[in-house]
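Heavy-atom basis, side chains included; hydrogens, waters and symmetry copies ignored. Per chain, numbering begins at 1; letters A, B, ... match sequence-line order.
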Number of protein chains: 2
Amino acid sequence: MEDRLYKNIPHKTIERLSQYRRALQIYSDKGKTNIFSHEIAALLHITAVQVRRDLMLIGYSGSLRKGYDINDLVMLIGDLIDSPEGQKVAIFGMGDLGRAIINYFQGKRDKLKIAAGFDTNPEKFSHEIAGVNCYPVEKAAEVIKEKGIKIGILTVPGDQADETVRIMVEAGIKGVLNYTPTPVEVPDDVYLEEYNMISSIEKVAFYVKERK
Amino acid sequence: MEDRLYKNIPHKTIERLSQYRRALQIYSDKGKTNIFSHEIAALLHITAVQVRRDLMLIGYSGSLRKGYDINDLVMLIGDLIDSPEGQKVAIFGMGDLGRAIINYFQGKRDKLKIAAGFDTNPEKFSHEIAGVNCYPVEKAAEVIKEKGIKIGILTVPGDQADETVRIMVEAGIKGVLNYTPTPVEVPDDVYLEEYNMISSIEKVAFYVKERK
DNA sequence: TCCATTTTGTTATTCATTTAACAGTGCAAA
DNA sequence: TTTGCACTGTTAAATGAATAACAAAATGGA
Ligand SMILES: NC(=O)c1ccc[n+]([C@@H]2O[C@H](COP(=O)([O-])OP(=O)(O)OC[C@H]3O[C@@H](n4cnc5c(N)ncnc54)[C@H](O)[C@@H]3O)[C@@H](O)[C@H]2O)c1
Ligand SMILES: NC(=O)c1ccc[n+]([C@@H]2O[C@H](COP(=O)([O-])OP(=O)(O)OC[C@H]3O[C@@H](n4cnc5c(N)ncnc54)[C@H](O)[C@@H]3O)[C@@H](O)[C@H]2O)c1
């Protein structure tokens with residue numbers, strides 16, 4: 001099974017591929033058609049070896065003299081990480097962070113669209129944000145199934161995280177990005193990614209302190 | 001040198017310690033005074049072994065029958081990751097994300113305070129957010145030195161990231177948390193942590209797609 | 001008193017990721 | 001032609017992190 005191959009790509013490589021694509025766009029906009037591994041590396045402040053290794057894993061070969069064809073590479077990365085028919089995302093919790101994410105993300109990616117927001121506060125229902133409608137959470141299952149949403153971003157208050165993620169999973173969400181400081185649990189067939197901003201800030205603070 | 005020890009603690013352990021502290025608070029608020037490794041593990045959805053291993057690394061010993069003393073542990077984690085005199089943070093870019101972070105973070109941590117914001121847009125200067133004043137970036141060096149700020153969070157537009165981080169470093173910032181999609185470079189004596197939200201979303205989308 | 005149970009602390013092992021080493025190749029210049 | 005250079009692609013080694021394995025200690029009950 002060909003797809004199996006992709007399963008063996010390290011998580012970190014997937015993250016970098018997403019960043020390579022952005023970096024390539026910058027070079028492409030400058031009118032360049034080809035790029036060397038060390039140029040990609042410089043843009044991301046990583047090593048050229050790592051770039052080549054990542055590209056090896058996705059089976060792309062560059063030209064020895066001209067490096068990589070930017071268009072080809074952008075397309076190949078797209079083939080790998082994008083879903084051809086596109087994927088839809090829902091935001092749970094239309095507060096400060098939820099709104100910031102919508103304003104920031106919407107329109108950035110062709111194949112990835114925020115298709116709905118959910119909240120418990122009726123004040124949020126009236127107006128849309130960057131073209132995204134806000135629905136009451138009670139309608140989550142209905143809206144998510146109707147629109148075929150499979151990805152959910154969790155930005156409710158921490159004490160609502162468990163209950164909300166339960167609703168998300170129930171409604172058919174298969175990937176959760178949790179920005180809440182509360183770790184949540186999902187079934188095995190749901191992919192979970194958590195990011196704790198306070199930990200990040202404290203981590204930076206710790207290493208600043210230690211270096212003194 | 002005793003401090004050397006702490007240098008060998010894995011980065012991931014530092015992140016978890018920050019999360020342990022939050023979890024411990026929850027148990028403490030319930031009136032509990034002691035906790036077992038498997039209880040901490042359950043709150044964070046990790047294994048008890050990992051909790052014990054992390055605590056071993058910071059040199060804390062629990063009681064065989066009663067587990068860990070919550071107060072002692074909270075204090076020890078504080079001794080390790082907090083700076084006794086406190087640390088100050090500056091936000092560069094008082095846009096949607098910068099404001100969300102201030103509203104969210106300010107007041108959450110005793111030893112970590114957002115002490116200033118910086119922006120180029122004069123409209124931002126007039127009013128403060130959650131007690132945080134916004135200054136023009138030209139004043140960054142002055143304000144940062146005066147207040148003794150050592151940590152900076154970068155939330156300017158991507159194309160301003162390089163120039164802004166240069167200003168930060170110049171002004172004496174020793175730890176940077178970059179939320180911009182543009183990777184930045186800092187001197188060796190500055191600690192850098194980058195987080196790319198789009199990569200995270202694309203990563204979730206990728207694994208959702210692959211699991212089908 | 002002694003044994004079974006529970007939980008800790010630590011060492012050993014496995015797994016994941018990065019970095020290093022190097023062979024191979026195409027081109028340009030001698 | 002041949003040599004040197006600047007790349008790529010791949011295998012090998014090193015580092016970092018999670019998991020497994022297990023000895024040791026404290027308690028309660030047989
Ligand atoms: N603001 C930040 O910069 C930031 C950073 C990191 C993490 N976070 C976390 O993200 C979450 C949201 O932060 P925020 O600053 O946007 O808070 P917020 O209070 O502005 O927004 C929370 C939103 O969730 C809604 N809500 C409450 N209960 C809900 C439920 N059960 N179902 C659906 N919606 C519900 C509220 O009505 C509100 O609109 C919090 O958990 C916070 O800890 C925020
Ligand atoms: N909003 C989000 O959810 C989100 C998520 C992830 C990453 N980001 C990134 O964070 C950054 C900010 O996002 P945002 O949504 O808050 O954008 P924004 O446009 O709302 O805010 C940017 C702010 O930076 C200020 N600014 C511009 N140039 C500056 C300079 N040279 N020095 C200081 N301040 C300057 C602007 O005046 C503005 O207030 C962007 O790089 C974005 O890609 C945003």
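For the pair B:S63 and A:L64, both in contact range of DNA chain C, the more 5′-proximal nearest nucleotide belongs to B:S63.
Taking every side-chain heavy atom of B:R65 into account, C:dT6 is the closest of C:dT6, D:dA6, C:dT7. Comparing D:dT8, D:dA20, C:dT19 by their nearest atom to the side chain of A:S37 picks out D:dT8.
Across all strands, B:T13 comes closer than 4.0 Å to no nucleic acid atom at all (heavy-atom distances).
For the pair A:R16 and C:dT18, the criterion of a side-chain N or O lying under 4.0 Å from OP1 or OP2 is met. In this model, the phosphate group of C:dG9 is not approached by any side-chain N or O of B:R52 to a distance below 4.0 Å at OP1 or OP2.
Between A:E202 atom CD and A:N196 atom CG the span is 8.5 Å, to the nearest 0.5 Å. Distance CG/A:L43 to OH/A:Y20: 11.0 Å, rounded to 0.5 Å. Separating the CG atom in B:L192 from the NE2 atom in A:H45 is a distance of 9.5 Å, to the nearest 0.5 Å.
Contact annotation: side chain of A:R53 to base of C:dT19, donor-acceptor pair present below 3.5 Å.
Between A:L57 atom CG and D:dG9 atom P the separation is 12 Å, expressed in whole Å. Whole-Å rounding puts the B:E39 CD to C:dT7 C1' distance at 12 Å. Whole-Å rounding puts the A:Y60 OH to D:dG9 P distance at 9 Å. Atom CG in A:D54 sits about 14 Å away from atom P in D:dT10, given to the nearest Å. Distance CG (B:L55) to P (C:dT8): 9 Å, rounded to an integer number of Å. What separates CE of B:M56 from P of C:dG9 is a distance of 10 Å, to the nearest Å. To the nearest angstrom, C1' of C:dT6 lies 13 Å from OH of B:Y68. Atom pair A:I46:CD1 and C:dT18:P shows a separation of 9 Å (rounding to whole Å applied).
With hydrogens and angles disregarded, no donor-acceptor distance shorter than 3.5 Å links the side chain of A:K111 to the backbone of A:Q87.
For the pair A:K30 and A:Y27, the cation sits on the ring face: its NZ or CZ lies under 6.0 Å from the ring centre, inside 45° of the axis.
If you check residues 186-199 of chain A against DNA chain C, you find no residue with a heavy atom closer than 4.0 Å.
Taking every heavy atom of both residues into account, A:V89 and A:I149 meet most closely at C-CG2, 3.9 Å.
Using a 4.0 Å cut-off between a side-chain N of Lys or Arg and a carboxylate O of Asp or Glu, A:K12 and A:E15 do not qualify as a salt bridge.
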